[in-house]
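The structure appears right after this line, and notes come after that.
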Amino acid sequence: MLKRPGTMCSRRRFGTEQEMHDRSAVSDGVKRVKGPIQADGDESAKRDGAAVAKMSSSGEPSSSVGAIRSPNPKKKDFTHFISLPLGIHHPEFVNKLNKFRKSILEWKNLTGMRIDPSLFTKPRSLHFTVLMLELSNDDDVAKAEKVLQDVSSKLMETLKNRPVSIRLRGLKCMGDTPLNRARVVYAPPVVDSGSEERLLSACHVIIDAFAEAGLVDKDAKDRLNLKLHVTLMNTTFRRWENPDYFDAQSIFEQFGSEEWGEYAIREAHLSQKGRFEDGYFYCCASVPFPKTCK
């Protein structure tokens with residue numbers, strides 16, 4: 001069951017070294033996970049290093065993805081992130097993603113396009129990512145929980161105590177990669193009416209608070225390079241050869257101008273990678289966003 005906004009909702013955070021390895025998962029982004037899982041909405045099952053996500057008898061991807069550690073020692077080993085949940089609050093968005101996925105998986109020549117079910121974000125895990133965090137022990141997690149709780153009043157002030165909604169339209173490829181070698185496809189927000197600007201300001205409040213607490217480098221690029229987006233497809237959800245990619249040309253032809261809808265941002269979570277609960281990333285702590293104008 002989803003934890004109430006504004007609460008500390010962490011349980012046992014860290015186990016043995018092997019358990020922690022099993023719980024780390026590929027991100028983008030991405031909700032909470034039970035057991036070993038990935039960052040965009042699965043629920044438990046170790047992933048074979050070279051295997052695609054397991055499929056259920058109904059043809060759906062399994063609800064969890066196993067641990068995959070980066071072989072690059074310089075790469076941050078992120079354990080948590082600040083997320084703005086969408087899928088758990090907006091079933092209409094979940095329905096749109098399900099239709100998007102079903103339509104594409106009915107196409108011919110999926111093998112030639114390098115498309116398979118494991119590429120798609122799990123619908124209830126749809127979210128915006130604000131900040132990635134490397135929290136190496138329980139003390140760091142407790143500190144991060146407090147930082148998020150303490151920033152609540154400043155968030156309300158920044159948002160002028162008014163609800164904020166974001167409209168999503170079309171598709172984009174992360175990193176401006178060619179469409180025939182896409183790695184991440186996402187739905188971008190429509191820039192209009194100041195909604196995105198207010199939300200970005202709120203995100204910067206969160207990022208600055210974590211930087212001041214020493215949980216991220218103060219010169220981190222997150223603040224300047226924050227690009228709000230909702231990941232729909234990501235090659236890091238599967239484990240193929242490196243670099244992995246897929247051909248998204250036909251996807252953009254059919255869905256490039258898709259109206260995904262307008263959705264209210266209800267809360268911010270400190271989410272844990274490697275664990276899911278009810279289809280979303282496990283919530284260690286959360287703070288509410290304004291629901292009504294004051």
Side-chain angles (χ1 to χ4, degrees), residues 25-31 37-42 47 50-55 59-63 65 68 70 75 81 83-84 86-87 90 92-129 132 166-191 196 225-263:
V26 182
S27 166
D28 169 42
V30 25
K31 292 189 168 190
I37 344 182
Q38 123 210 338
D40 246 340
D42 302 272
R47 182 188 288 226
V52 185
K54 292 183 179 179
M55 303 291 294
E60 293 293 320
S62 68
S63 58
V65 180
I68 302 173
S70 168
K75 187 175 181 179
F81 62 104
S83 71
L84 308 178
L86 291 172
H90 300 291
E92 60 272 37
F93 194 9
V94 168
N95 291 338
K96 281 182 177 287
L97 183 61
N98 280 331
K99 290 178 181 178
F100 170 75
R101 178 181 181 278
K102 183 176 184 295
S103 175
I104 292 172
L105 293 179
E106 289 175 348
W107 293 352
K108 297 178 180 178
N109 194 32
L110 290 181
T111 301
M113 298 165 67
R114 299 168 63 90
I115 292 175
D116 68 88
S118 67
L119 280 173
F120 295 84
T121 296
K122 308 306 177 289
R124 280 181 58 81
S125 73
L126 290 163
H127 67 280
F128 288 115
T129 296
M132 300 301 298
I166 294 296
R167 183 181 175 192
L168 301 168
R169 179 200 294 157
L171 296 173
K172 285 190 176 180
C173 269
M174 189 66 71
D176 297 321
T177 55
L179 294 184
N180 64 343
R181 295 185 68 86
R183 302 187 71 177
V184 177
V185 169
Y186 65 90
V190 175
V191 181
E196 187 191 28
N225 293 343
L226 176 62
K227 179 187 290 187
L228 288 175
H229 65 281
V230 179
T231 297
L232 304 180
M233 303 174 72
N234 193 335
T235 56
T236 60
F237 297 165
R238 64 186 181 188
R239 185 76 170 183
W240 285 17
E241 70 271 20
N242 189 22
D244 189 8
Y245 64 90
F246 61 99
D247 187 346
Q249 293 176 101
S250 296
I251 295 173
F252 274 72
E253 287 174 9
Q254 183 162 336
F255 298 98
S257 300
E258 183 77 10
E259 289 284 354
W260 300 103
E262 183 171 351
Y263 304 105

Next on the checklist: Side chains of Thr121 and Asn234, heavy atoms from C-beta outward: is any pair under 4.5 Å?
Outcome noted: no
dist Lys227:NZ -> Lys172:NZ (nearest 0.5 Å) comes out at 7.0 Å
Tightest non-hydrogen contact, residues Thr129 and Leu228, listed as O-CD2, 4.4 Å
Only one of Ile104, Leu105, Asn109 passes side-chain contact (heavy atoms from CB on, under 4.5 Å) with Trp107, and that residue is Ile104
One should read off an interatomic distance between Arg124 CZ and Leu97 CG, to the nearest 0.5 angstrom, of 13.0 Å
Distance col, row Thr235:OG1 vs Leu119:CG, nearest 0.5 angstrom, shows 7.0 Å
Shortest non-hydrogen pair, Ser103 vs Gln254, comes out as OG-NE2, 3.5 Å
Between Phe246 and Met233 the two heavy atoms that sit nearest each other are CE1-CE, 3.7 Å
**Asked** Side chains of Thr111 and Asp116: closer than 4.5 Å at any heavy-atom pair?
**Response** no
(request) Answer whether the closest heavy-atom distance between the side chains of Pro123 and Arg101 falls below 4.5 Å. (result) no
*asked:* Check this for me, if you would: do Glu259 and Arg167 make a salt bridge, where the nitrogen-to-carboxylate-oxygen distance has to be below 4.0 angstrom?
replied: yes
Next item on the list: Name the orientation class of the two ring planes belonging to Phe120 and Phe100 (parallel below 30°, tilted from 30 to 60°, perpendicular beyond 60°).
Entry: perpendicular
For Ile166 and Pro189 the tightest heavy-atom approach is CG2-CB, 3.5 Å
Residues passing the salt bridge (Lys or Arg N to Asp or Glu O under 4.0 Å) test with Lys102, sequence neighbours excluded, are Glu106
Do the side chain of Arg114 and the main chain of Tyr245 share a donor and acceptor less than 3.5 angstrom apart? yes
Nearest heavy-atom approach of Tyr263 to Glu92 is CE2-CG, 3.5 Å
In this structure, NZ of Lys96 is separated from CZ of Phe255 (nearest 0.5 Å) by 10.5 Å
The side chain to side chain donor-acceptor pair (under 3.5 Å) partners of Gln249 (sequence neighbours excluded) come to Asp247
Query raised in the report: So do Ile115 and Ile251 actually touch side chain to side chain, heavy atoms under 4.5 Å?
Result: yes
Between the CG atom in Leu171 and the CD atom in Glu258, the distance rounded to the nearest 0.5 Å is 8.0 Å
Sorted by chain and number, sequence neighbours left out, side chain to side chain contact (heavy atoms under 4.5 Å, CB included) with Thr177 holds for Cys173
To the nearest 0.5 Å, atom CZ of Arg183 lies from atom OG1 of Thr236 at 8.5 Å
